Amino acid sequence: MDYVSTRGEAPVLGFSDALLQGLARDGGLYLPREWPRLSAEEMRALRGLPYAEAAFRLIRPFVGGEIADGPLRRIVEESYATFRHAAVCPLVQTGPGEFVLELFHGPTLAFKDVAMQLLARLMDHVLAERGARVTIAGATSGDTGGAAIDAFAGARRCDVFILFPHGRVSPVQQRQMTTSGAANVQAIAIEGNFDDCQALVKAMFNDHAFRDRVGLSGVNSINWARIMAQIVYYFTAAVSLGAPDRAVSFTVPTGNFGDILAGYAAKRMGLPIGRLVIATNENDILARALSSGEYATRAVVATTSPSMDIQVSSNFERLLFEASGRDAAQVRGYMESLRQSGSFVIAAPTLLRIRSDFAAGRASMEETAATIRETLARSGYLADPHTATAMKVAREKAVAGEIMVVLSTAHPAKFPQAVGEACGVTPSLPSWLDGLMEKDEVYTVLPTDLKMVEDHINRHTRAEG
Ligand SMILES: Cc1ncc(COP(=O)(O)O)c(C=O)c1O
Ligand SMILES: N[C@@H](CCOP(=O)(O)O)C(=O)O
């Protein structure tokens with residue numbers, strides 16, 4: 001399988017190189033040259049399989065034979081053995097036609113574990129074969145960082161630097177990043193917001209001298225393998241609810257657009273998805289873009305669903321590429337306009353195609369809190385604020401007769417204050433995380449300054465490009 005950049009000016013790569021590169025050298029994001037398609041029979045055959053086996057079958061075509069079946073199967077099995085639920089990503093019914101897909105049973109209680117546990121093992125395998133090592137730089141609004149640090153802690157071939165917005169992540173999220181004690185990982189608190197952290201990471205990738213010197217790699221959803229891993233749960237959820245013989249819709253709490261893009265990829269692979277509904281909090285750039293056709297950044301608002309406090313939504317670029325008929329020049333134009341003026345206008349045919357697959361809505365913090373309260377009272381289900389944002393939007397946009405799956409992206413105990421204030425029940429961390437909040441923290445505070453961050457990484461990485 002070949003991978004092409006959304007900006008059309010980077011080398012075409014195979015799976016392993018796309019995995020290690022993260023961002024393409026032209027600033028674009030890699031996508032498979034074509035979408036593997038599953039027949040109805042192949043989809044039906046996924047019903048009832050262990051999650052790891054379904055994942056192996058769905059991931060295999062993207063790997064394109066670059067990792068032999070034996071090691072690939074072992075990597076997938078080991079990745080999902082770290083999950084605390086036998087089903088890995090179980091479905092729970094919360095109302096007539098409404099299901100919650102729980103993606104938070106991994107080590108750090110967020111959906112990021114689903115991809116990150118796999119990514120770390122895939123990278124380790126490829127690096128061991130090549131006798132190479134990399135420097136990983138990642139940006140996080142809270143969950144990617146913890147998941148990456150857990151998955152890569154102790155990895156012998158990777159040094160990991162995670163940039164998080166100082167004072168803007170929940171206390172649990174922060175402790176998950178700052179208390180690992182692993183020598184190969186470092187948490188860096190950036191005096192800015194998530195978009196500043198993400199811009200720094202992208203700037204490091206676009207600084208080719210630095211990139212080559214440290215052998216830079218990425219674990220954000222700019223890395224195709226993150227999206228690939230997330231495709232799996234759309235299939236497992238949909239087939240258990242009757243697909244391919246019945247269409248299923250999904251509502252996804254959205255920030256960097258990686259999770260919902262995986263749903264779009266599943267649809268391109270043949271899964272009959274009815275609607276993909278984008279749910280945002282007050283940082284509603286995606287909902288506004290879908291209704292007005294203009295993608296226009298505004299100041300970031302701090303909310304009770306902090307992992308979605310994002311304005312520059314990386315993976316929207318992948319959707320623009322697809323919806324424009326893979327017109328890399330059009331994508332380059334959008335991204336240049338975004339860089340210069342903070343906005344761009346989506347061409348009418350591209351917008352029309354996006355609207356044919358996606359709907360969008362927003363929920364305010366008050367609406368999210370009310371949804372947490374109502375859902376607990378109605379069905380005894382305790383949702384975290386990100387999940388509740390999506391529940392609110394899903395209910396507002398409900399269509400009679402539709403099966404709607406709401407993606408539950410974090411355990412409520414990651415956000416005890418917001419959940420407690422919303423419904424009076426303060427969830428506690430599972431016993432296997434006992435002591436997390438008492439551990440000593442280690443992190444470095446840096447300003448939003450590319451040179452200072454690069455210098456810090458240069459001084460501390462052991463990798464050489
Ligand atoms: C708990 C939670 N929900 C939702 C999101 C949004 O997901 P995405 O960035 O893939 O759109 C994130 C962060 O990415 C998250 O951590
Ligand atoms: N919400 C994310 C932001 C980074 O997203 P990613 O999916 O691109 O890694 C987070 O929790 O860090």
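Small disclaimer: the values here were computed from a predicted structure and weren't measured. When a ligand or atom number is given, it counts from 1 through the structure's own listing order.
Counting only N and O atoms by type, the side chains of Asp113 and Thr108 include a donor and acceptor under 3.5 Å apart. Checking Arg168 against Gln173 by side-chain atom types alone, no donor-acceptor pair falls below 3.5 Å.
Using a 4.5 Å cut-off on side-chain heavy atoms (C-beta onward), Leu382 and Pro427 make contact. Counting heavy atoms from C-beta on, the side chains of Val88 and His105 never come closer than 4.5 Å.
Under the salt bridge (Lys or Arg N to Asp or Glu O under 4.0 Å) criterion, Arg353 pairs with no residue, sequence neighbours left out. With sequence neighbours excluded, no residue satisfies ring-ring contact (aromatic ring centres under 6.0 Å, His included) with Tyr233.
Test Ile285, Leu286, Leu290 against Arg288 for side chain to side chain contact (heavy atoms under 4.5 Å, CB included) and you get one pass: Ile285.
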Quick check on ligand 2: any N or O pairs to the protein under 3.5 Å? One line per pair.
unit_1   : atom_1 : unit_2 : atom_2 : d
ligand 2 : 1 (N)  : Ser141 : OG     : 2.8
ligand 2 : 1 (N)  : Ser307 : O      : 2.8
ligand 2 : 5 (O)  : Lys112 : NZ     : 3.4
ligand 2 : 5 (O)  : Asn256 : ND2    : 3.4
ligand 2 : 7 (O)  : Lys112 : NZ     : 2.8
ligand 2 : 7 (O)  : Ser221 : OG     : 3.2
ligand 2 : 7 (O)  : Arg226 : NH2    : 2.8
ligand 2 : 8 (O)  : Ser221 : N      : 3.0
ligand 2 : 8 (O)  : Ser221 : OG     : 2.5
ligand 2 : 8 (O)  : Asn256 : ND2    : 2.7
ligand 2 : 9 (O)  : Thr144 : OG1    : 2.7
ligand 2 : 9 (O)  : Asn220 : ND2    : 2.7
ligand 2 : 9 (O)  : Arg226 : NH1    : 2.9
ligand 2 : 11 (O) : Ser141 : OG     : 3.4
ligand 2 : 11 (O) : Asp143 : N      : 2.8
ligand 2 : 11 (O) : Thr144 : N      : 3.2
ligand 2 : 12 (O) : Thr140 : OG1    : 2.5
ligand 2 : 12 (O) : Ser141 : N      : 2.8
ligand 2 : 12 (O) : Thr144 : N      : 3.2
ligand 2 : 12 (O) : Thr144 : OG1    : 3.2

Put together the list of close N/O pairs, under 3.5 Å, between ligand 1 and the protein, could you?
unit_1   : atom_1 : unit_2 : atom_2 : d
ligand 1 : 3 (N)  : Thr409 : OG1    : 2.7
ligand 1 : 9 (O)  : Asn256 : N      : 2.7
ligand 1 : 10 (O) : Gly258 : N      : 3.2
ligand 1 : 10 (O) : Asp259 : N      : 2.8
ligand 1 : 11 (O) : Gly255 : N      : 2.7
ligand 1 : 11 (O) : Asn256 : N      : 3.2
ligand 1 : 11 (O) : Phe257 : N      : 2.9
ligand 1 : 14 (O) : Lys112 : NZ     : 2.4
ligand 1 : 16 (O) : Asp143 : OD2    : 2.5
ligand 1 : 16 (O) : Ser307 : OG     : 3.3

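Relative ring orientation between Trp224 and Tyr3 is described as tilted, the plane-to-plane angle lying within the 30° to 60° band.
The minimum heavy-atom distance between Thr387 and Ala410, with the atom names listed, is OG1-O, 4.1 Å.
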